[in-house]
**Student:** 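Provided herewith is a single structure, encoded as structure tokens, for subsequent inquiry.
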Amino acid sequence: MKLHRSSGHLTLALALLALPFIIDALFGHGWVRIADFALLYIMLALGLNIVVGYAGLLDLGYIAFFAVGAYTYALLGSPQFGLHWPMYVVLPLGALIACGFGVLLGAPTLKLRGDYLAIVTLGFGEIIRIFLNNLNAPVNITNGPQGISAIDPLQIGGFSFGSSYEWMGMRVDDVHLHYYLFLAFTLLVIFVSRRLEDSRIGRAWVAIREDEVAASAMGINTRNIKLLAFAMGATFGGISGGLFAGFQGFVSPESFSLMESIMVLCMVVLGGMGNVGGVVLGGVLLVALPELFRNAAGPVQQMLLGKVVVDPESLRMLMFGLALILVMLWRPAGLWPSTQRRREFDADDSVLHQEQETVYDASK
Amino acid sequence: MTASDKTLLELTNVGKHFGGVTALADVSLHIHRGDIYGLIGPNGAGKTTLFNVVTGLYQLDSGSFQFAGQSYTRCKPHLLAQAGIARTFQNIRLFANMSALENIMVGRHLRTRTGIWGALTRNAAARAEERATVQRARELLEYVGITCAHQTLAKHLSYGEQRRLEIARALATEPKLLTLDEPAAGMNATETVALKALLQKIRASGITVLLIEHDVKLIMGLCDRVAVLDYGKKIAEGAPEEVRRDPAVIAAYLGGEAA
């Protein structure tokens with residue numbers, strides 16, 4: 001059994017390592033780049049999963065932490081201020097600053113629940129974006145709407161992830177290298193998520209989600225535990241943001257719009273709130289499917305109808321919306337829900353149990 | 001033993017208002033260590049309000065209370081749980097989608113220490129603590145007499161078992177004072193008898209019990225001392241037999257003038 005499992009892990013590891021080359025060979029270079037983005041989004045979604053999935057706090061401004069991480073990297077590693085700090089300093093610093101922003105957002109919103117929390121976090125996300133947009137006067141910090149360009153590539157020592165290398169006659173491009181770097185970070189985030197989920201802290205998060213009053217009566221310091229959820233989620237967002245900035249080489253406020261927050265939330269909800277596997281699946285699907293529609297919508301129409309009737313771009317969003325509705329209708333707990341969440345959506349069976357109980361009592 | 005050693009919980013002139021409504025007015029009472037203390041009164045008398053004050057869910061408007069020699073006026077629920085007051089709820093508030101075992105493990109939160117670092121590294125201390133937590137949770141399930149599979153979700157337990165699981169979860173916090181808000185509500189006769197036996201067992205283990213109950217028979221058969229609330233005021237306190245004969249209590253329950 002154990003052997004069986006470890007050989008399964010080995011197969012998975014080999015598949016993950018070979019994946020960029022397989023994608024490259026089958027679909028071309030562009031899709032490896034999409035895979036890189038998918039990994040960044042998975043990291044983001046896993047961070048949001050801690051806040052929304054485990055602790056049950058609806059956060060609609062999560063992309064702000066991604067922005068904080070990205071701008072930290074951009075400001076400290078670009079000609080903007082002439083600073084070129086190394087990645088192993090800037091990335092953790094970005095994560096730390098994002099974590100600080102997480103606490104900053106969490107602290108005043110601790111008493112809010114549900115819809116009210118959602119509205120405040122939504123506002124927070126927009127505030128960060130608007131700040132980034134306007135911090136070019138009187139002192140130019142963020143370069144405003146033009147964004148920051150010529151950001152240093154991700155590099156450790158002399159090794160840059162932004163260049164191509166020849167290795168044993170094989171050309172390894174920057175998109176491949178980034179894939180491996182992002183994969184390593186994603187695996188780390190998955191590891192941290194799973195360890196936390198199955199621990200004293202994770203149980204406290206779920207207890208707060210289930211019943212905050214009862215949780216505090218059991219001695220859980222709900223303030224600290226909620227702040228911890230915000231801080232952990234924000235940290236993952238900050239790391240992902242730093243990697244994004246180094247990968248793109250360019251950041252501007254429009255990358256951090258409300259739509260992005262909603263996208264990440266969709267990954268969590270669609271994939272399966274509270275389940276790491278589900279969230280990963282949600283991230284992959286929501287990055288890959290729109291791209292697929294973008295590329296396929298035109299040619300398919302050409303083939304079937306002889307001309308392009310609907311603009312591929314609008315069709316893409318249409319199909320995307322349709323897919324979301326279908327999933328919510330048939331799998332309300334997500335495609336791959338955590339066992340707990342799945343049970344939660346079986347609302348009737350607890351009624352059934354109660355009813356049986358009453359009948360049982362009456363017949364005594 | 002001095003008086004303060006003997007008294008575990010002492011309320012002094014506690015008052016609580018909701019807008020213009022006075023829920024509690026100048027209530028003073030003291031609960032001795034090792035007793036089962038009953039709190040009765042007609043509906044709306046302020047019993048649950050008093051409970052919520054003592055467990056930190058409400059902040060009191062006037063007066064104060066002393067618990068285990070420490071004075072409290074404003075305090076958070078989790079700090080009172082830390083101090084040793086555990087509670088159950090009138091309308092069962094279990095973590096419905098967690099298993100019976102996990103519910104009790106959450107109750108152990110207070111008496112365990114594993115933080116982020118321990119959770120991530122799963123070092124020897126964290127693993128030992130997790131094992132002890134599971135072990136203690138199993139013991140408590142057995143202690144309160146829940147025999148079903150430990151992985152059963154709390155919401156799928158029978159009503160009587162849910163009530164007992166709440167007690168087990170409260171016991172997991174290692175309380176000095178266990179406060180129970182109408183634990184026998186909705187129970188059938190057999191379940192009530194089992195509950196009575198459980199409460200006696202809990203007292204025998206050295207835990208003081210504060211009990212709100214409507215079932216006067218249960219209160220009279222179980223409690224060492226009883227207080228009666230009516231319209232937010234304490235109208236009687238003493239041994240069950242005295243209280244039962246008190247004219248003010250009879251008037252409050254049956255209405256009309258005291259004889």
**Student:** I want to know whether A:Phe66 and A:Phe236 have ring centres closer than 6.0 Å.
**Tutor:**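 Judged by ring-centre distance (under 6.0 Å), A:Phe66 and A:Phe236 do not meet the cut-off.
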
**Student:** Measuring heavy-atom distances to chain A, does B:Leu57 have an atom under 4.5 Å in its side chain, in its backbone, in both, or in neither?
**Tutor:** side chain

**Student:** With chain A, which of B:Thr173, B:Leu120, B:Val106 has the greatest number of heavy-atom pairs at distances under 4.5 Å?
**Tutor:**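 When all of B:Thr173, B:Leu120, B:Val106 are compared, B:Leu120 has the most.
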
**Student:** Among side-chain atoms of B:Gln66 and B:Tyr72, is any donor-acceptor pair under 3.5 angstrom?
**Tutor:** no

**Student:** So, B:Asn97 versus A:Arg209: side-chain donor-acceptor pair below 3.5 Å or not?
**Tutor:** no

**Student:** Below 4.5 Å, heavy-atom pairs only: which of A:Ala207, A:Ala215, A:Ala204 has the largest tally toward chain B?
**Tutor:**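 Ranked by heavy-atom pairs under 4.5 Å with chain B, first place is A:Ala207.
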
**Student:** For A:Ile225, which atoms come within 4.5 Å of any heavy atom of chain B: side chain, backbone, both, or neither?
**Tutor:**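 It is the side chain, since no backbone atom gets that close.
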
**Student:** If we ignore hydrogens and angles and just use 3.5 Å, is the side chain of B:Glu129 paired with the main-chain N or O of B:Ala126 as donor and acceptor?
**Tutor:**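 Answer holds: no.
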
**Student:** For B:Arg169, is there an ion pair with B:Glu166 - N to carboxylate O distance below 4.0 angstrom?
**Tutor:** yes

**Student:** What part of A:Ile220 lies closer than 4.5 angstrom to a heavy atom of chain B: side chain, backbone, both or neither?
**Tutor:**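 Backbone plus side chain of A:Ile220, per the 4.5 Å heavy-atom cut-off to chain B.
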
**Student:** Do B:Lys16's NZ or CZ and the ring of B:Phe18 fall within the cation-pi criteria of under 6.0 Å and 45°?
**Tutor:** yes

**Student:** With side chains defined as the heavy atoms from C-beta onward, is the minimum distance between A:Pro337 and A:Arg331 less than 4.5 Å?
**Tutor:**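 They are in contact (side-chain heavy atoms under 4.5 Å apart), so the answer is yes.
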
**Student:** By a 4.5 Å heavy-atom criterion (distance strictly below it), what part of B:Ala96 contacts chain A: side chain, backbone, both, or neither?
**Tutor:** both

**Student:** Select all residues of residues 108-116 of chain B having any heavy atom within less than 4.5 Å of some heavy atom of chain A, and report them by number, or 'none'.
**Tutor:** B:His109, B:Leu110, B:Thr112, B:Arg113, B:Thr114, B:Gly115, B:Ile116

**Student:** Distance only, no hydrogens: is a donor on one side chain within 3.5 Å (strictly under) of an acceptor on the other, for B:Arg87 and B:Thr55?
**Tutor:** yes

**Student:** Please list, chain by chain and in numerical order, all residues satisfying salt bridge (Lys or Arg N to Asp or Glu O under 4.0 Å) with A:Arg203, sequence neighbours excluded.
**Tutor:**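 For A:Arg203, the residues satisfying salt bridge (Lys or Arg N to Asp or Glu O under 4.0 Å) (neighbours in sequence not counted) are B:Glu130.
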
**Student:** Considering only heavy atoms, which portion of B:Thr88 lies under 4.5 Å from any heavy atom of chain A: side chain, backbone, both, or neither?
**Tutor:**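 Neither part; nothing is under 4.5 Å.
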
